[in-house]
Amino acid sequence: MSLEEYWEHYTDTRAMLMFLALALAFSVICVFYILMIVSVEARFVPRAERRQFYYERAHNSIQRFYEMVFSGASILSFLALYYLVDRFCDPGDFRDFWDKYKDFLLLLMICLSIVFNNIIDRIIIPLKSLSRDEKGSVRLLGMLYVILIFLYIKFIYENNNYDGFIMYFLGLMIGRFIYFDASFRDGIRTMLEALKNFPLLILGLAYTGFMAYTGFSSDYLLVGNGVLVSTFIAHIFMIAAIFIIHHSHFMYIFARKPKEQPAAVYEQDMYFDEDDGDYDDYYEDEY
């Protein structure tokens with residue numbers, strides 16, 4: 001198939017809406033799964049802090065899951081672009097230029113993918129509950145997310161075309177700790193922070209696997225144009241589904257911000273001892 005035929009296939013309105021509906025349905029399932037886990041964690045928190053913990057933890061966990069998907073999509077974006085240019089570029093001046101400088105162009109695409117990730121999580125779908133360190137740790141785990149997708153393609157689809165990319169990303173992950181961190185201790189701390197998101201990594205892989213399975217089963221995703229490109233297309237629909245959920249404020253129905261208690265009630269909770277029914281002598285140390 002030519003590039004134009006692939007474009008007509010993927011832009012079919014009915015097929016696009018059906019695939020988006022699937023992405024939206026599974027996004028909702030993922031959000032509910034995270035809310036369920038957080039509700040269990042909240043039971044181990046003191047009752048007075050439980051609602052605030054649930055609200056903050058739910059929003060933070062869901063947005064870390066979103067960032068996991070965005071990170072994987074940004075990495076897949078430049079790999080898919082590299083694959084498409086290398087495959088469909090016709091012989092000529094640009095082809096000669098591409099063959100000569102494609103390694104340097106790949107580095108440029110990596111930089112553009114970082115910009116792409118920042119645009120998504122800061123402008124299109126702002127993730128305000130995440131700190132810079134949290135985003136960094138999730139993006140680091142996003143590399144492992146993509147490597148696991150490659151391994152799945154290699155051993156399940158028995159496709160060896162991406163072995164070079166696997167080694168490339170392993171080198172990036174090792175270099176992340178050897179060359180770019182200020183110290184070995186900082187590298188270990190970043191890795192530990194990344195491992196805290198490991199359950200979200202499994203959830204993200206399950207989401208990707210579901211989208212890939214339904215896409216290939218329905219023949220909307222085509223193996224012929226490369227499994228890597230098809231996986232990136234699935235991530236575009238995943239991001240669109242997350243956009244709908246995020247801006248519809250759907251999760252606020254189940255994770256509302258707790259109301260602030262009046263000052264008088266707060267002071268009473270602070271100084272009233274329920275065990276003996278008496279108030280603490282708050283001014284004892286002052287006098």
Side-chain angles (χ1 to χ4, degrees), residues 1-12 15-16 19 68-124 139-176 178-180 208 211-212 215-216 219-240:
M1 294 177 64
S2 64
L3 185 61
E4 292 77 10
E5 291 173 330
Y6 280 123
W7 175 259
E8 292 179 0
H9 172 81
Y10 285 119
T11 54
D12 180 74
M16 287 177 62
F19 201 56
M68 179 73 65
V69 176
F70 300 161
S71 177
S74 65
I75 296 173
L76 290 171
S77 66
F78 74 83
L79 294 177
L81 179 61
Y82 182 91
Y83 173 85
L84 290 173
V85 173
D86 192 63
R87 176 178 175 180
F88 291 104
C89 183
D90 296 327
D93 293 338
F94 182 77
R95 183 71 197 191
D96 296 337
F97 175 79
W98 172 262
D99 291 336
K100 185 176 182 179
Y101 297 105
K102 62 181 179 181
D103 292 336
F104 296 99
L105 294 173
L106 179 60
L107 293 176
L108 176 61
M109 292 178 186
I110 293 175
C111 296
L112 293 177
S113 72
I114 297 173
V115 176
F116 174 64
N117 198 346
N118 290 335
I119 290 175
I120 294 176
D121 64 17
R122 294 183 183 181
I123 300 176
I124 300 178
R139 290 184 181 185
L140 175 62
L141 207 60
M143 292 185 180
L144 178 60
Y145 172 88
V146 174
I147 290 175
L148 292 175
I149 292 176
F150 282 146
L151 293 176
Y152 182 84
I153 294 173
K154 176 178 175 61
F155 293 107
I156 301 300
Y157 286 98
E158 299 181 353
N159 189 331
N160 299 322
N161 294 331
Y162 306 114
D163 290 354
F165 285 137
I166 295 175
M167 297 304 300
Y168 181 80
F169 276 102
L170 287 175
L172 280 180
M173 292 189 68
I174 295 173
R176 172 66 175 85
I178 295 178
Y179 296 104
F180 300 114
T208 302
M211 294 296 296
F216 289 126
D219 292 329
Y220 181 70
L221 298 180
L222 301 176
V223 181
N225 70 325
V227 180
L228 177 63
V229 176
S230 296
T231 306
F232 172 63
I233 293 173
H235 277 73
I236 293 177
F237 284 88
M238 292 160 65
I239 293 175

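The residues of the chain are indexed from 1 along the displayed sequence. The figures that follow rest on heavy atoms only: side chains count, while hydrogens, waters and symmetry mates do not.
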*Report the distance from atom CG of Leu221 to atom CE of Met211, rounding to the nearest 0.5 Å.*
7.5 Å

*Who passes side-chain contact (heavy atoms from CB on, under 4.5 Å) against Ile114, sequence neighbours left out?*
Asn118

*When rounded to the nearest 0.5 angstrom, what distance separates OH in Tyr82 from CG in Leu76?*
16.0 Å

*Which pairs pass side-chain hydrogen bond (donor to acceptor under 3.5 Å, both in side chains) with one or both residues in residues 140-150, sequence neighbours excluded?*
Tyr145-Thr208, Tyr145-His235

*asked:* I'd like to know if the side chain of Ser74 reaches the main chain of Ser71, judged simply by a donor and an acceptor atom lying under 3.5 Å from each other, with no hydrogens or angles considered.
replied: yes

*CG of Leu84 to SG of Cys89: how many Å apart, nearest 0.5 Å?*
11.5 Å

*Reported CD1-to-CG distance for the pair Ile239 and Asp121, which is rounded to 0.5 angstrom*: 10.0 Å

*Working to the nearest 0.5 Å, report the span between CZ of Phe70 and CD1 of Ile75.*
14.0 Å

*Can you see which heavy atom on Leu228 is nearest to which on Ala80, and at what distance?*
CD2-N, 4.2 Å

*Please identify each residue that fulfils side chain to side chain donor-acceptor pair (under 3.5 Å) with Ser230, with sequence neighbours left out.*
Asn225

*Separation of Thr231 OG1 from Ile236 CD1 (nearest 0.5 Å)*: 11.5 Å

*With Tyr220, which residues qualify under ring-ring contact (aromatic ring centres under 6.0 Å, His included), at least two apart?*
His9, Tyr10, Phe19, Phe237

*Among all residues two or more places apart in sequence or in another chain, which pass the side chain to side chain donor-acceptor pair (under 3.5 Å) test with Tyr83?*
Arg87

Pairs of donor and acceptor atoms involving the side chains of residues 97-112, under 3.5 Å and at least two apart or interchain, shall be tabulated with distances.
from  : atom 1 : to    : atom 2 : distance (Å)
Trp98 : NE1    : Asp86 : OD1    : 3.1
Asp99 : OD1    : Arg95 : NE     : 3.4

*Measure the shortest side-chain to side-chain distance between Leu79 and Phe232 over non-hydrogen atoms and say whether it is less than 4.5 angstrom.*
no

*Might you point out which heavy atoms bring Thr11 and Trp7 nearest each other, and give the distance in Å?*
OG1-O, 2.6 Å

*asked:* Quick check: do Val85 and Phe94 have side-chain heavy atoms less than 4.5 Å from each other?
replied: yes

